[in-house]
Amino acid sequence: MKKRIGLLLLVVLAPWLVTPATAVEFFDINSPSIKKAELDISATQTSTQNATAVSTLKDMLDRSLLFDVVDGKSGFSLTIDGTVESGQAIFTLSDNTAGSEFKPIAFGVRFSSQDPDYLRRKTAQVGNKLLRDLFGLRGALGSTIVWATQDPGESVKSLRIGVFGMGEHKQLTYNLFSNAGVSWNPGRDGIVYTSHTDRGTQVMVQQTNPLRAKSISIFENEGRSSAAFWAPDGTMFVSQFISNSNTDIYQYAVEGNPFEDGRLKQLKRITSDRNVETEPSVSSDGRRLAYISDRTGQPQVYVMDLSTNKAERVSKVGGYNASPTWSPDGRYLAYFGIRSGQSSIYRLDMQSGQERRVTPQTLKAEQPRWSPDGSLIVFTGEERGTKKIYYTLSSGGGVRRLTNSAAGVEESDAAWGPAQK
């Protein structure tokens with residue numbers, strides 16, 4: 001038995017890769033009618049930490065919106081052999097469906113601590129492996145999210161940082177201003193955001209790993225800066241007010257250490273129309289810029305080829321579309337659009353041009369952002385006059401609250417950060 005465990009532990013230390021032999025093709029994350037995987041989770045040996053691992057894993061996989069966690073041997077089963085307390089266990093994923101061609105997958109996991117935070121991180125790794133094996137996803141469990149909160153009676157917004165699937169979050173900014181519009185840097189260890197100060201709007205940066213309580217102003221222009229986006233190549237795209245009816249997007253280089261003494265140096269002006277161009281978002285390959293322009297009279301989504309500076313309108317339906325954001329693979333754009341007086345999140349296939357609503361019409365939804373694996377979209381939802389952070393499958397379906405804040409707390413501007421390593 002020890003030799004078997006040792007062999008499996010060597011296997012699990014290698015990268016977890018999904019091949020056509022292990023992924024189930026009908027679990028297509030991009031399909032609007034995606035079928036959830038039924039999964040029973042159990043341990044062959046009774047122990048306190050095994051019970052915790054089973055309970056935590058059930059909760060996490062339920063939060064992924066891709067599993068129906070059931071009791072009983074229907075669909076798939078995940079069995080834990082060994083105990084967390086012993087420092088090592090074998091997890092076996094099997095398909096109980098008659099005639100299934102899915103071959104059982106066994107993998108070993110080491111446990112070097114019984115600290116609750118450590119066990120949650122290890123459980124998130126197991127959950128992400130299941131998402132790889134069944135859906136071909138990297139998995140978003142254990143990934144980082146930042147959002148803005150505003151307490152009742154307060155006039156400012158502070159940023160909070162949390163971990164998806166674990167219920168952990170804490171305050172990130174402590175200044176006395178309103179902070180919003182978060183964008184993650186290419187290294188995924190820091191953020192840029194806009195801060196509405198007594199001197200006007202400033203572009204701020206803050207390191208998140210390791211976490212620093214101090215943020216610095218990286219761009220001051222007498223309050224004329226607006227939305228900022230940290231592009232994959234390390235440059236920043238910043239919207240600047242030219243006049244009351246004209247905002248343009250500029251590209252800047254980041255000079256110095258952005259979290260200590262960084263400053264922005266202008267590289268070039270990206271847009272120059274006499275309209276409002278704002279909310280820049282660059283695709284992961286750095287080739288395309290999505291943004292908002294009101295050149296037709298109301299905000300619409302445009303995409304520019306950054307090698308040619310040629311832009312075209314891509315939102316074809318509705319009179320108001322805003323807040324574009326790229327899927328990690330660049331296949332889709334998500335944005336919110338207003339149809340018949342109701343705002344919803346829409347997903348646009350960039351190849352076919354097909355638009356699909358992914359949030360229910362009963363919930364006012366704005367400000368979408370993708371999870372790092374592309375399976376989920378987090379957004380600001382408003383119900384009965386209060387804004388909270390919700391999320392849904394990127395292909396559509398039911399929505400789930402991300403946070404558990406009190407009724408009077410307003411939340412907005414969520415930005416999904418790095419996946420768990």
Side-chain angles (χ1 to χ4, degrees), residues 148 178 180-183 194 196 201 223-229 237-251 269-283 288-306 309-327 332-350 352-370 377-383 385 387 390 392 394 396 410 412-415:
S178 285
V182 171
S183 172
T194 53
H196 300 283
T201 304
R224 299 174 68 87
S225 58
S226 180
F229 187 89
F237 289 74
V238 180
S239 297
Q240 288 184 241
F241 295 107
I242 308 302
S243 68
N244 290 336
S245 61
N246 185 13
T247 301
D248 281 318
I249 298 172
Y250 292 76
Q251 184 180 20
R269 186 174 183 172
I270 301 297
T271 62
S272 56
D273 293 310
R274 295 181 178 178
N275 303 288
V276 173
E277 274 87 21
T278 187
E279 298 187 348
S281 176
V282 182
S283 59
R288 294 170 293 175
L289 171 71
Y291 62 98
I292 298 303
S293 176
D294 68 348
R295 68 187 66 176
T296 61
Q298 287 187 301
Q300 294 293 344
V301 182
Y302 288 75
V303 171
M304 176 184 292
D305 184 327
L306 289 174
N309 277 15
K310 292 183 178 180
E312 64 173 333
R313 176 178 165 180
V314 296
S315 56
K316 306 294 186 181
V317 182
Y320 192 111
N321 296 285
S323 299
T325 178
W326 291 96
S327 64
Y332 299 101
L333 269 178
Y335 48 84
F336 84 87
I338 298 178
R339 312 281 190 270
S340 302
Q342 177 69 19
S343 63
S344 300
I345 305 301
Y346 293 86
R347 185 186 74 171
L348 178 68
D349 188 319
M350 294 302 294
S352 67
Q354 182 178 6
E355 181 190 76
R356 174 178 174 77
R357 180 172 54 83
V358 299
T359 56
Q361 290 180 316
T362 55
L363 180 67
K364 182 179 179 181
E366 301 177 347
Q367 301 172 326
R369 291 291 186 92
W370 297 80
I377 294 177
V378 66
F379 61 93
T380 303
E382 183 176 340
E383 196 172 31
K387 293 181 178 180
Y390 295 78
T392 183
S394 59
E410 294 276 344
S412 61
D413 295 287

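Index from 1, following the sequence.
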Problem - Derivation and outcome, side chain to side chain contact (heavy atoms under 4.5 Å, CB included), residues Met350 and Val314 - result: CA-CA 8 Å; Met350 294 302 294; Val314 296; 4.3 Å; yes
If we ignore hydrogens and angles and just use 3.5 Å, is the side chain of [X] paired with the main-chain N or O of [Y] as donor and acceptor?
X: Ser343; Y: Ala365; answer: yes
X: Arg274; Y: Arg295; answer: no
X: Ser281; Y: Thr325; answer: no
X: Thr194; Y: Ala180; answer: yes
X: Thr359; Y: Ser344; answer: no
X: Glu355; Y: Leu348; answer: no
X: Asp294; Y: Gly297; answer: no
X: Thr271; Y: Asp273; answer: no

Any [X] side-chain heavy atom under 4.5 Å of [Y] side chain:
X: Val317; Y: Arg339; answer: yes
X: Ile270; Y: Phe237; answer: yes
X: Val378; Y: Pro368; answer: no
X: Ser293; Y: Pro299; answer: no
X: Val276; Y: Asn246; answer: no
X: Val301; Y: Leu333; answer: yes
X: Met304; Y: Tyr291; answer: yes
X: Leu363; Y: Phe379; answer: yes

How close do [X] and [Y] get, heavy atom to heavy atom, and via which atoms?
X: Gly337; Y: Asn321; result: CA-OD1, 3.3 Å
X: Glu277; Y: Ser239; result: O-OG, 3.8 Å
X: Pro324; Y: Glu279; result: CD-OE1, 3.7 Å
X: Trp370; Y: Trp326; result: CD1-O, 3.0 Å
X: Tyr250; Y: Gln240; result: CD1-OE1, 3.4 Å
X: Ile377; Y: Ala334; result: CD1-CB, 4.0 Å

Distance, nearest 0.5 Å, that separates [atom1] of [X] from [atom2] of [Y]:
X: Asp413; Y: Thr380; atom1: CG; atom2: OG1; answer: 6.0 Å
X: Arg356; Y: Ser394; atom1: CZ; atom2: OG; answer: 10.5 Å
X: Asn275; Y: Ile292; atom1: CG; atom2: CD1; answer: 13.0 Å
X: Ser283; Y: Arg288; atom1: OG; atom2: CZ; answer: 4.5 Å

Handout entry: Any residue meeting side-chain contact (heavy atoms from CB on, under 4.5 Å) with Thr296, in chain and number order, not counting sequence neighbours
Key = Gln300, Tyr302, Arg313
Fill in the blank from the handout: Residue set satisfying side-chain contact (heavy atoms from CB on, under 4.5 Å) with Glu382, at least two apart, ordered chain then number -> Lys364, Lys387
Exercise for the section: Would you kindly check if the NZ (Lys) or CZ (Arg) of Arg347 is within the cone defined by 45 degrees around the ring axis of Tyr332 and under 6.0 Å from the six-membered ring centre? Expected result: yes
Practice task
Check the surroundings of atom CD in Gln361: do more than 12 heavy atoms from other residues, nucleotides or ligands lie under 6.0 Å from it?
Solution key: no
Problem - Check against side-chain hydrogen bond (donor to acceptor under 3.5 Å, both in side chains), Asp349 and Gln354 - result: CA-CA 5 Å; Asp349 188 319; Gln354 182 178 6; over 6 Å; no
Handout entry: Presence of salt bridge, Asp248 and Arg269, under 4.0 angstrom
Key = yes
Practice task
Go through the steps to decide whether Phe336 and Tyr346 satisfy the test side chain to side chain contact (heavy atoms under 4.5 Å, CB included), and finish with yes or no.
Solution key: CA-CA 6 Å; Phe336 84 87; Tyr346 293 86; 5.9 Å; no
